[in-house]
Undergrad: 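Can you keep this structure in mind? I'll have questions shortly.
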Amino acid sequence: MLAKVVLILDKRRELSVKYKKLIESFGASVFIGSNLEQSVEIISMYDPDLILISDSLDEPLKEVCKKLRMVSYSSRPVLVALSKSDSLDDKLSVLNSGADDYLGEPIEAEEFKARINAHLRRHFENSINEITHLADSKFSFRVLKRTITENKNWAAMLIKINEFEFYREIYGELAADKMRQTFGAVINSTLDENDFFGELIDGEFLVITNSVKAEPVASFIIYAIDAIADKFYSQSDNRQGYIILQGDDNAGKRIPLTSVSIGIISNELKSYTDLKTALASLIAVCRLAGLKQGSGYMIEHPKISAVDSVAQKNYNNRVMVVETDDALNLLLKTTAQMQGYEVCSVDNFDDVQKEVSDFLPAVLILDAGSIDRMRGLEVCRKLKSDEKFSDIKIILSTIVHDKKLILDAGADLYLPKPYEIVNIFNWVEKLLKDYNSY
């Protein structure tokens with residue numbers, strides 16, 4: 001695993017090999033180049049963490065430092081100059097030209113190792129997330145890029161905590177940070193020193209391992225996280241099986257309890273040549289894994305391209321209105337059409353199942369029915385229990401102001417009457433995005 005990469009620029013064969021062996025003794029991968037022009041490709045492919053520059057090069061050290069800063073601007077490696085000169089003017093000139101340190105030669109092997117290792121340690125510490133103590137996204141992407149370039153057997157896993165932002169909104173920053181830390185510890189317990197583990201954004205982790213280990217690791221992560229996930233919720237939320245996100249005008253959105261989705265790609269099944277393509281596939285496979293309820297993982301297979309699979313899904317902007325009040329039914333239908341949605345409206349509960357089957361809406365605005373017989377709740381339960389329709393986002397509007405009763409029927413959003421038309425269509429837009437996000 002190329003977690004630490006050093007480039008040595010030195011024309012001296014024997015000394016450069018000696019420095020290489022010393023640096024490799026503490027786990028870094030080392031490349032050697034005899035001039036800057038020859039080494040630009042190495043810099044581009046591997047984004048070294050540290051570049052060691054000898055004054056044996058044909059160009060002055062300060063000029064090499066200036067050029068290195070330009071060609072490696074995005075990765076900002078540590079630049080360490082090696083020189084036989086002990087002149088203060090030479091040292092200041094090189095340091096002012098972009099070098100981070102200046103080592104005089106000859107230098108004792110143990111001191112050399114300690115200084116280089118200290119620079120690499122500080123370089124890595126600057127890339128650590130202060131909450132999870134994991135490598136940040138920039139460093140994680142760099143390691144994935146190096147892994148792809150090296151082209152040995154590898155597998156990458158994108159692990160996403162589902163509904164993490166909603167959990168943070170309801171339970172707060174401290175609880176969300178604790179969840180990230182705990183889930184991170186669980187994932188880390190499945191890995192060894194040959195694997196890489198980082199956090200891309202809050203609640204999304206990257207693991208780089210080999211193709212043999214990837215599936216067993218994913219299976220164990222799901223088992224372990226599902227076993228502890230309920231510890232992050234109150235007893236009442238665990239009993240009802242969801243949390244309620246409060247909205248405008250006392251609306252309430254039903255949010256599933258936390259689970260994890262894991263997408264896995266590897267070069268065993270498909271050849272990757274660049275970071276952008278690998279990331280696109282990794283994100284797409286993770287999204288496909290998130291289509292099922294609860295935790296799950298998915299492995300990309302060459303005959304079913306994850307990118308193509310996602311791209312082939314057309315955006316569904318169909319909205320269905322079930323409202324027995326003729327005036328309100330017409331208002332909702334007309335407003336939805338003005339918003340540019342495909343619309344189907346129904347004014348009774350008997351025809352709902354057939355119309356849903358024919359129209360296949362992304363969002364259903366469903367009246368709960370009268371107080372004495374809430375037929376809308378029956379319809380909602382039937383649709384949510386049917387695998388063909390369970391993904392449809394249902395807004396249950398009702399004169400019965402019992403949020404838990406409505407959400408227990410499976411509704412994605414509880415919206416008490418009377419409501420503002422603008423408000424309900426703000427929710428329609430949000431739910432359409434949720435429906436089409438995979």
Side-chain angles (χ1 to χ4, degrees), residues 1-84 91 93-107 109 111-127 135 138-152 154 196 208 273-275:
M1 189 64 61
L2 299 178
K4 297 177 184 176
V5 173
V6 174
L7 170 63
I8 298 175
L9 289 177
D10 197 329
K11 287 180 67 175
R12 303 166 300 180
R13 173 71 180 168
E14 290 185 7
L15 275 177
S16 59
V17 171
K18 174 188 174 183
Y19 290 140
K20 180 177 187 290
K21 289 180 178 177
L22 290 173
I23 295 170
E24 286 176 336
S25 69
F26 48 80
S29 300
V30 183
F31 297 90
I32 297 176
S34 59
N35 59 68
L36 180 57
E37 289 71 23
Q38 182 190 78
S39 304
V40 167
E41 186 176 0
I42 296 174
I43 295 170
S44 173
M45 292 170 64
Y46 291 98
D47 289 336
D49 302 296
L50 184 147
I51 303 177
L52 195 64
I53 317 151
S54 164
D55 64 358
S56 66
L57 301 179
D58 295 334
E59 287 187 84
L61 271 176
K62 66 177 184 179
E63 295 303 322
V64 177
C65 288
K66 287 179 182 178
K67 291 180 180 179
L68 281 172
R69 281 299 176 213
M70 287 189 289
V71 299
S72 62
Y73 180 79
S74 60
S75 57
R76 295 291 299 168
V78 178
L79 300 186
V80 177
L82 278 169
S83 176
K84 294 179 290 296
K91 293 178 181 179
S93 175
V94 171
L95 291 171
N96 289 331
S97 297
D100 296 290
D101 199 3
Y102 185 104
L103 303 183
E105 292 182 308
I107 182 170
E111 181 185 355
F112 174 83
K113 286 168 59 177
R115 286 180 177 274
I116 298 301
N117 199 21
H119 280 300
L120 288 172
R121 184 176 63 248
R122 283 193 292 271
H123 181 71
F124 183 71
E125 286 170 353
N126 289 334
S127 302
K138 190 173 182 179
F139 192 84
S140 298
F141 290 148
R142 191 180 306 162
V143 175
L144 180 56
K145 177 183 176 181
R146 294 168 181 169
T147 303
I148 294 168
T149 302
E150 190 182 26
N151 202 32
K152 293 182 180 178
W154 62 268
F196 173 82
I208 303 175
T273 57
D274 63 273
L275 177 63

Undergrad: Between F139 and F196, what is the ring plane arrangement, given parallel below 30°, perpendicular above 60°, and tilted in between?
TA: tilted
Undergrad: Using 0.5 Å steps for rounding, measure from the CD1 atom of I43 to the CZ atom of F31.
TA: 11.5 Å
Undergrad: So, taking the atom named CG in L120 and the one named CD in E125, what distance separates them when rounded to the nearest 0.5 Å?
TA: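 Reported value, rounded in 0.5 Å steps: 11.0 Å.
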Undergrad: Taking the side chain as everything from C-beta on, heavy atoms only, tell me whether S29 gets closer than 4.5 Å to K4.
TA: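 Of all side-chain heavy-atom pairs linking K4 with S29, none is under 4.5 Å.
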Undergrad: Find the distance between CG (L82) and CZ (F112) and round it off to the nearest 0.5 Å.
TA: 6.0 Å
Undergrad: If you round to the nearest 0.5 Å, how far is OG of S75 from NZ of K145?
TA: 7.5 Å
Undergrad: Dump the intermediate steps for side-chain contact (heavy atoms from CB on, under 4.5 Å) on V6 and D49, then the final yes or no.
TA: CA-CA 6 Å; V6 174; D49 302 296; 5.9 Å; no
Undergrad: Please determine, by modelled atom types, if S83 and D55 share a side-chain donor-acceptor pair under 3.5 angstrom.
TA: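 There is such a pair between these side chains.
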Undergrad: Walk me through whether I8 and V30 qualify under side-chain contact (heavy atoms from CB on, under 4.5 Å).
TA: CA-CA 7 Å; I8 298 175; V30 183; 3.6 Å; yes
Undergrad: In Å and rounded to the nearest 0.5 Å, what is the CG to NE2 distance from L52 to H119?
TA: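 Separation between the atoms: 9.5 Å.
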Undergrad: Do the charged groups of K18 and E14 touch, with an N to O distance under 4.0 Å?
TA: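 Here K18 does not pair with E14 in a salt bridge, since their nearest N and O are not under 4.0 Å apart.
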Undergrad: Do other residues, nucleotides or ligands put more than 12 heavy atoms under 6.0 Å from the NZ atom of K62?
TA: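 Open: at most 12 neighbouring heavy atoms sit under 6.0 Å from NZ of K62.
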Undergrad: For I148 and L275, which heavy atoms make the closest approach, and how far apart are they?
TA: CD1-CA, 3.9 Å
Undergrad: Are any of the side-chain heavy atoms of P77 and L79 separated by less than 4.5 Å?
TA: yes
Undergrad: If you apply the rule side-chain contact (heavy atoms from CB on, under 4.5 Å), what do you find for L61 with I53, and how did you get there?
TA: CA-CA 7 Å; L61 271 176; I53 317 151; 3.6 Å; yes
Undergrad: Identify the residue among K67, R69, K66 that makes a side chain to side chain contact (heavy atoms under 4.5 Å, CB included) with S97.
TA: K66
Undergrad: Applying side-chain contact (heavy atoms from CB on, under 4.5 Å), run through L144 and I208 and close with a yes or a no.
TA: CA-CA 7 Å; L144 180 56; I208 303 175; 3.9 Å; yes
Undergrad: Is there a side-chain contact between L36 and L57 (heavy atoms, below 4.5 Å)?
TA: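 A side-chain contact under 4.5 Å is absent here.
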Undergrad: Assess the side chains of S54 and R12: does a donor N or O sit below 3.5 Å from an acceptor N or O?
TA: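 On atom types as modelled, these side chains qualify, holding a pair under 3.5 Å.
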Undergrad: Show your reasoning for whether salt bridge (Lys or Arg N to Asp or Glu O under 4.0 Å) applies to K11 and D58.
TA: CA-CA 9 Å; K11 287 180 67 175; D58 295 334; 2.8 Å; yes
Undergrad: Look only at the side chain of S44 and the backbone of V40, and say whether a donor-acceptor pair between them is shorter than 3.5 Å.
TA: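 Checked: no pair found.
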Undergrad: Using 0.5 Å steps for rounding, measure from the CD atom of E59 to the CG atom of N35.
TA: 9.0 Å
Undergrad: Applying side chain to side chain contact (heavy atoms under 4.5 Å, CB included) between I42 and each of I51, L9, T149, L7, report the one that passes.
TA: L7
Undergrad: Where do S16 and I32 come nearest, in terms of heavy atoms and distance?
TA: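 Scanning both residues completely, I find the closest heavy atoms to be O-CD1, 3.8 Å.
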Undergrad: One thing to verify: whether R76 and D100 come together as a salt bridge, which I'm taking to mean a side-chain N less than 4.0 angstrom from a carboxylate O.
TA: no
Undergrad: Does D47 come within less than 4.0 Å of R146, counting only side-chain N to carboxylate O?
TA: no
Undergrad: Quick check: does any side chain N or O of N126 sit under 3.5 Å from a backbone N or O of R122, one acting as donor and the other as acceptor?
TA: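 It does hold such a pair.
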Undergrad: Taking all non-hydrogen atoms of both residues into account, name the closest pair between C65 and A99 and its distance.
TA: SG-CB, 3.9 Å
